[in-house]
Amino acid sequence: MMKLLYSYFKLFLFFSIFLFIMGLKFMNKNYSMMIEYEVLTLNSSSMMMVILLDWMSLLFMSFVLFISSMVIYYSAEYMAEEKNLIRFILLVILFVLSMMLLIISPNMISILLGWDGLGLVSYCLVIYYQNMKSYNAGMLTALSNRIGDVAILMAIAWMMNFGSWNYIYYLEMMKGDSIMEMISYLIVLAAMTKSAQIPFSSWLPAAMAAPTPVSSLVHSSTLVTAGVYLLIRFNFSLTDNLLYLLLFVASMTMFMSGLAANFEYDLKKIIALSTLSQLGLMMSILALGSYKLTFFHLLVHALFKALLFMCAGNIIHNMMNCQDIRYMGNLMEKMPMTCTFFNICNLSLCGLPFLSGFFSKDLIVEFMSMNYLNIYIYIIMYISIGLTVSYSFRLSYYSLIGDFNFLSLNVVSELSMIMLKGMGGLILFVIFSGSLLEWVMFFEPIFICLPMVMKLMALIMIIMGMFIGYEVAKFKLGYSLKSLKFMTFSLFSSLMWNMPLISTLGVNYYPLFLGKVYTKIFDQGWHEYYGGKNLKLLAKFSQVSQSFSRSHLKIYFLLLILWVVFLLLNI
Amino acid sequence: MMKFLITLLFLIPLCFCYNYWLMVNCFFILSFMFMMNYSFNNLYLNVSYLFGNDLLGYIFILLSFWICALMLLASEKIYKIDNYYYLFNLMVLLLMMSLFLVFSSMNLFIFYVFFEVSLIPTLILIMGWGYQPERIEAGIYLLFYTLLVSLPMMISIFYMYNCMGTMMLMFMNYQFNLLMYFCMNLVFFVKMPMFFIHLWLPKAHVEAPISGSMILAGVMLKLGGYGLFRLMSLFILVGLKINFIIVTISLVGGFFVSLICVYQSDMKSLVAYSSVAHMGMVLAGIMTLNIWGFWGSLVMMLAHGLCSSGLFCLVNIVYERIHSRSLYLNKGLLNMMPSLSFWWFMLCSSNMAAPPSLNLMGEIILLNSLVSYSSLSMILLMFLSFFSAVYSLYLFSYSQHGLYYSGMYSVYQGVFREYLLLLLHWLPLNFMIIKSELWVLWI
């Protein structure tokens with residue numbers, strides 16, 4: 001079993017390095033390569049399996065493979081006591097495979113292979129543990145993602161107008177066309193479900209029911225970034241109205257999840273919400289028109305978020321599967337290495353200068369400041385950045401320093417070498433990948449010209465966020481929590497603006513109720529009444545005609561008279 | 001054609017040989033022999049004595065051979081406890097013969113005759129090997145829903161002969177009126193089944209033994225689609241005017257039935273209703289009268305035949321262990337039969353049109369056809385597609401996830417035969433997409 005695991009680790013690592021080098025080569029020479037396999041041609045519109053290799057797909061694949069190789073290596077220890085380890089590993093491999101298929105196919109039909117595959121395999125991974133919570137979370141995840149699948153199916157139906165489903169050929173040429181607009185609306189809907197933007201964001205924290213290595217994979221580089229990646233590919237066709245809509249939704253998502261993370265006490269959920277807010281950031285910068293920056297942030301975020309989850313997994317493993325951050329504290333002394341990694345990732349997430357997150361985030365907010373936009377976007381973007389810092393610091397204060405609040409009988413130690421090695425494989429990239437990728441991806445520097453205050457705004461927000469995070473994290477015995485004073489607001493925010501309620505209880509009543517109505521009234525009601533049960537009517541008819549053949553003389557004569565009458569009428 | 005018919009005829013004595021694998025293998029060999037008969041051509045081939053087949057008939061005959069072989073493979077229990085095993089074999093054989101004749105006849109009247117004949121072995125399967133008293137009612141429903149509308153069809157066949165002077169399907173060239181449209185096609189609508197007249201299907205499925213369910217879902221429903229394919233060219237003018245009604249009924253009905261599926265607690269009835277929803281989409285595709293709709297319907301029927309038959313097999317495998325089809329008792333099966341759970345997932349996901357199944361291809365082609373027919377149908381199609389995922393996942397997760405039924409003392413693992421059975425459902429379902437022109441280009 002372990003042999004299988006390590007061989008996949010080696011395979012993925014090898015391919016990751018290979019694809020990285022290929023990606024650099026392709027980027028340098030500006031190559032791209034398309035491989036088409038024709039599945040079916042109907043009326044000269046051909047359904048194809050297309051593989052597109054350009055620098056973007058190669059680089060993304062190399063990152064995904066690198067992260068997943070580390071995660072697989074890590075899960076050798078994390079899942080060591082799992083009974084069905086083979087099932088777990090194969091599911092993870094399938095998951096990575098689906099992501100690969102999604103990345104390389106620029107065709108609406110062949111992308112379904114990866115897109116649906118991601119949805120289904122993530123469902124299997126979320127319901128991996130046999131309890132009610134993971135069951136519900138899995139159903140929510142799968143069905144939210146299914147909305148996106150349906151949107152893609154509809155986009156396929158509309159795309160038949162172009163006679164092919166290779167969308168990259170049509171994006172720029174058909175921009176502004178009403179059919180293309182329809183298609184891009186549907187695609188944005190699909191991307192919003194996969195990337196958990198606002199009406200659909202409740203599945204992302206719920207999917208935390210999956211085992212931690214899976215969360216680390218799902219929420220960093222694979223599932224949730226699929227939507228962003230699809231929009232990166234599609235961004236040439238998005239019209240202005242659509243971009244404004246997307247910008248609004250994405251910025252709201254970013255703000256909402258940043259706020260919710262400040263009220264959350266579940267370690268994994270905080271990190272999941274932070275993923276959500278970073279996804280909002282990526283989507284908003286995409287909507288502001290720079291897909292390259294989106295891609296940049298996507299890659300960088302994938303690295304530090306994967307590591308963050310792996311650290312969280314190690315902590316949870318040591319805390320006897322307790323995820324509540326109120327039980328943690330002073331872990332810095334107990335598990336220094338993990339906490340160092342954790343801290344570096346957190347600071348990188350905050351955008352502290354010269355860690356990897358800084359390069360992408362700073363560029364994004366400056367790019368946004370350079371745009372001529374309304375004050376709403378400006379404010380909500382900076383507030384969200386501040387909120388990111390705030391929840392990160394709150395998390396650090398809660399878990400890393402302070403008093404140790406766990407049970408008095410505990411074994412919190414850092415003896416798990418395999419997990420640490422898996423995490424150590426990522427840490428260098430968390431630190432350096434920002435500058436590295438910036439040098440590689442942006443041949444000419446992006447022109448930024450801002451006044452002093454606006455330039456410093458990002459740093460100011462970071463410092464304010466630090467302060468708020470520090471303040472929020474203060475708690476001691478007999479201390480009345482500040483958020484109790486505005487109970488409704490804090491409930492509202494910590495429940496992600498009631499979205500989990502709306503997207504579970506809010507939507508599942510009516511379909512079930514209608515199912516009951518249709519069963520009772522249609523299927524077992526009118527259909528039976530006018531269908532099967534009315535066969536008795538036939539029996540009644542035959543009763544009547546039976547009475548003719550009884551040898552009653554009167555009826556016989558009556559029939560004779562009738563016969564004569566008909567005869568006469570005929571004449 | 002005669003060679004297969006004669007082969008089938010001479011299999012009759014073999015039915016009375018008490019040998020399970022002999023019969024199964026005979027059917028498999030027959031289906032592979034038939035597979036070799038493929039011609040890469042959509043003309044009528046192998047013509048003899050009013051029988052012959054083009055690609056459409058070929059596909060359905062192949063499907064019937066395959067499903068009949070799998071039927072025998074699935075009902076080993078009848079062999080084990082010798083529940084009139086000889087007669088069972090004979091019934092399957094007769095069914096296969098009549099299906100073969102239906103799909104290969106080039107004469108409308110012969111088609112009609114064997115269309116009706118195929119009902120009798122099915123009825124006997126349900127009445128004879130079903131396991132509850134309600135099977136009598138189910139049998140009556142099955143028989144009378146079909147018979148009630150098939151007699152008008154017979155009369156209209158005579159009228160057609162009067163008008164056209166021929167019964168040969170390829171010479172038919174005429175446009176009939178509305179009355180003829182309904183007299184002729186209503187029997188196919190019942191057989192499909194269209195929403196409103198689908199009542200016999202869940203009943204028959206619930207009461208039927210596994211073999212009956214498999215053949216019902218796998219081939220019998222496709223008879224309706226086959227008949228519509230063959231005869232729709234006679235009703236183009238009237239069809240252009242009123243087909244939208246049928247499209248609407250079947251799409252709306254498909255949506256309603258999907259919701260009914262979510263309400264079910266009986267696994268078999270859930271699968272039965274899900275096939276009503278799928279066939280609704282097929283019917284809508286045929287009724288659009290465009291070429292994409294015809295192609296898509298064929299692919300969807302083929303896919304649905306394999307997929308839902310496979311799901312029935314799964315339900316039966318579980319039933320043979322737990323002795324219940326209720327979703328409240330069949331829980332946590334993952335803990336008992338993890339490998340079977342894999343097949344549950346594969347077939348459920350195929351049922352919700354996940355790639356790379358033929359269902360997906362059929363659904364894509366049908367979506368193209370229906371959205372180009374009317375973009376309003378998009379709304380219903382979205383619901384249909386979404387809820388197909390809902391009930392498939394509901395079936396999978398309710399039966400596989402969670403704590404298993406505590407009243408269960410012992411259970412035996414899946415045996416090789418069962419995994420073979422499921423593999424043989426799944427393999428064609430997901431691998432035929434690689435060279436899918438073969439299954440599409442029949443027109």
Side-chain angles (χ1 to χ4, degrees), chain A residues 39-43 45 47 84 87 101 109-110 112-117 119-120 123-124 127 130-132 134-135 138-139 142-143 145-147 149-151 153-154 156-161 165 182 508 511-520 522-524 526-528 530-532 535 538, chain B residues 137 140-141 144-145 195-200 202-203 256-264 291-292 295 332 334-335 338 342 345 349 352-356 360-361 363-365 367-368 370-372 375 378 381-382 385-387 389-390 393-394 397 400-403 433-437 440-441:
Chain A
V39 179
L40 176 64
T41 302
L42 294 173
N43 273 3
S45 25
M47 298 181 184
N84 302 311
R87 170 151 57 101
L101 287 171
I109 289 178
S110 65
L112 269 180
L113 194 60
W115 190 269
D116 275 11
L120 288 171
Y123 174 69
C124 285
I127 62 162
Q130 302 274 315
N131 55 40
M132 209 29 130
S134 63
Y135 174 88
M139 199 52 118
L143 293 184
N145 282 321
R146 182 66 190 175
I147 296 174
D149 298 350
V150 171
L153 283 174
M154 287 302 138
I156 287 172
W158 279 93
M159 201 132 192
M160 196 183 67
N161 289 296
W165 286 271
M182 188 78 192
N508 67 8
L512 284 175
F513 176 73
L514 283 178
K516 179 184 157 193
V517 168
Y518 295 147
T519 312
K520 297 268 186 229
F522 282 15
D523 242 55
Q524 291 163 13
W526 292 107
H527 289 173
E528 281 283 4
Y530 281 115
L535 281 179
L538 285 181
Chain B
E137 195 197 359
I140 286 175
Y141 266 60
F144 275 89
Y145 264 75
F195 188 64
F196 290 130
I197 37 185
H198 66 279
L199 231 52
W200 62 274
K203 282 206 170 49
F256 285 5
V257 165
S258 313
L259 289 178
I260 291 175
C261 277
V262 185
Y263 188 70
Q264 296 301 316
I291 197 162
W292 283 79
W295 285 334
L334 181 66
N335 301 312
F342 168 73
F345 189 75
S349 60
M352 63 187 262
L360 176 77
M361 198 174 76
E363 192 165 314
I364 285 176
I365 301 174
L367 285 180
N368 286 333
L370 284 163
V371 174
S372 56
S375 53
M378 223 172 88
L381 287 170
M382 280 172 124
S385 194
F386 179 73
F387 279 102
V390 174
L393 283 180
Y394 165 66
S397 57
Q400 303 303 310
H401 194 266
L403 198 64
I433 199 165
I434 292 173
K435 188 65 185 162
S436 38
E437 282 117 330
V440 177
L441 297 175

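Below, read A as the first sequence line, B as the second, and so on, with proteins coming before strands; counting in each chain starts at 1. The analysis underlying the following values was restricted to heavy atoms, covering all of them including side chains, and did not include hydrogens, waters or symmetry mates.
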Region of [X] in contact with chain A, defined by heavy-atom distances below 4.5 Å:
X         : value
Phe342(B) : neither
Tyr145(B) : side chain
Phe144(B) : side chain
Val440(B) : side chain
Trp295(B) : side chain
Ile197(B) : neither
Phe386(B) : both
Met352(B) : both
Glu137(B) : side chain
Ile434(B) : both
Val371(B) : side chain
Leu370(B) : neither
Ser258(B) : neither

task = Could you give me the CA-CA distance, side-chain angles and deciding distance for Ser385(B) and Met154(A), then say whether side-chain contact (heavy atoms from CB on, under 4.5 Å) is met?
result = CA-CA 10 Å; Ser385(B) 194; Met154(A) 287 302 138; 5.5 Å; no

request  = For Tyr263(B), enumerate each residue passing the side chain to side chain contact (heavy atoms under 4.5 Å, CB included) test, keeping only those at least two apart in sequence or located in another chain.
outcome  =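 Tyr263(B) satisfies side chain to side chain contact (heavy atoms under 4.5 Å, CB included) with Lys516(A), Thr519(A), Lys520(A) only.
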
query = If you measure from CG on Asp149(A) to CE on Met382(B), what distance do you get to the nearest 0.5 Å?
reply =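 It is 11.5 Å, given to the nearest 0.5 Å.
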
ask   = Got a second to check how far Leu113(A)'s CG is from Ile433(B)'s CD1, nearest 0.5 Å?
value = 9.0 Å

request  = Please step through side-chain contact (heavy atoms from CB on, under 4.5 Å) for the pair Leu42(A) and Asn368(B), ending with a clear verdict.
outcome  = CA-CA 11 Å; Leu42(A) 294 173; Asn368(B) 286 333; over 6 Å; no

Could you report the tightest heavy-atom contact between [X] and [Y], atom names first, then the distance?
X         : Y         : result
Leu393(B) : Tyr123(A) : CD2-CE2, 3.7 Å
Leu40(A)  : Met361(B) : CD2-SD, 3.6 Å
Asp523(A) : Leu199(B) : O-CD1, 3.6 Å
Ala157(A) : Leu367(B) : CB-O, 3.9 Å
Asn43(A)  : Ile291(B) : ND2-CG2, 3.5 Å

ask   = Of the backbone (N, CA, C, O) and the side chain (C-beta and beyond), which part of Met159(A) lies under 4.5 Å from a heavy atom of chain B, both, or neither?
value = neither

inquiry  = Looking at chain A, which one of Ser397(B), Gly332(B), Gly402(B) has the largest number of heavy-atom pairs inside 4.5 Å, strictly under?
reply    = Ser397(B)

query = With respect to chain A, which residue among Trp292(B), Phe196(B), Phe387(B) yields the maximal number of heavy-atom pairs within a distance under 4.5 Å?
reply = Trp292(B)

task = Only counting residues at least two apart or in another chain, list the ones meeting ring-ring contact (aromatic ring centres under 6.0 Å, His included) with His198(B).
result = His527(A), Phe195(B)

ask   = What do the steps show when you test Ile365(B) against Met47(A) for side-chain contact (heavy atoms from CB on, under 4.5 Å), and what is the final call?
value = CA-CA 10 Å; Ile365(B) 301 174; Met47(A) 298 181 184; 3.8 Å; yes

task = Flag the pair Met182(A) / Met378(B) as yes when at least one side-chain heavy-atom distance between them is below 4.5 Å, and no otherwise.
result = yes

task = For Gln130(A) and Leu403(B), run side-chain contact (heavy atoms from CB on, under 4.5 Å): C-alpha distance rounded to whole Å, both residues' side-chain angles, the deciding distance at 0.1 Å, then the answer.
result = CA-CA 8 Å; Gln130(A) 302 274 315; Leu403(B) 198 64; over 6 Å; no

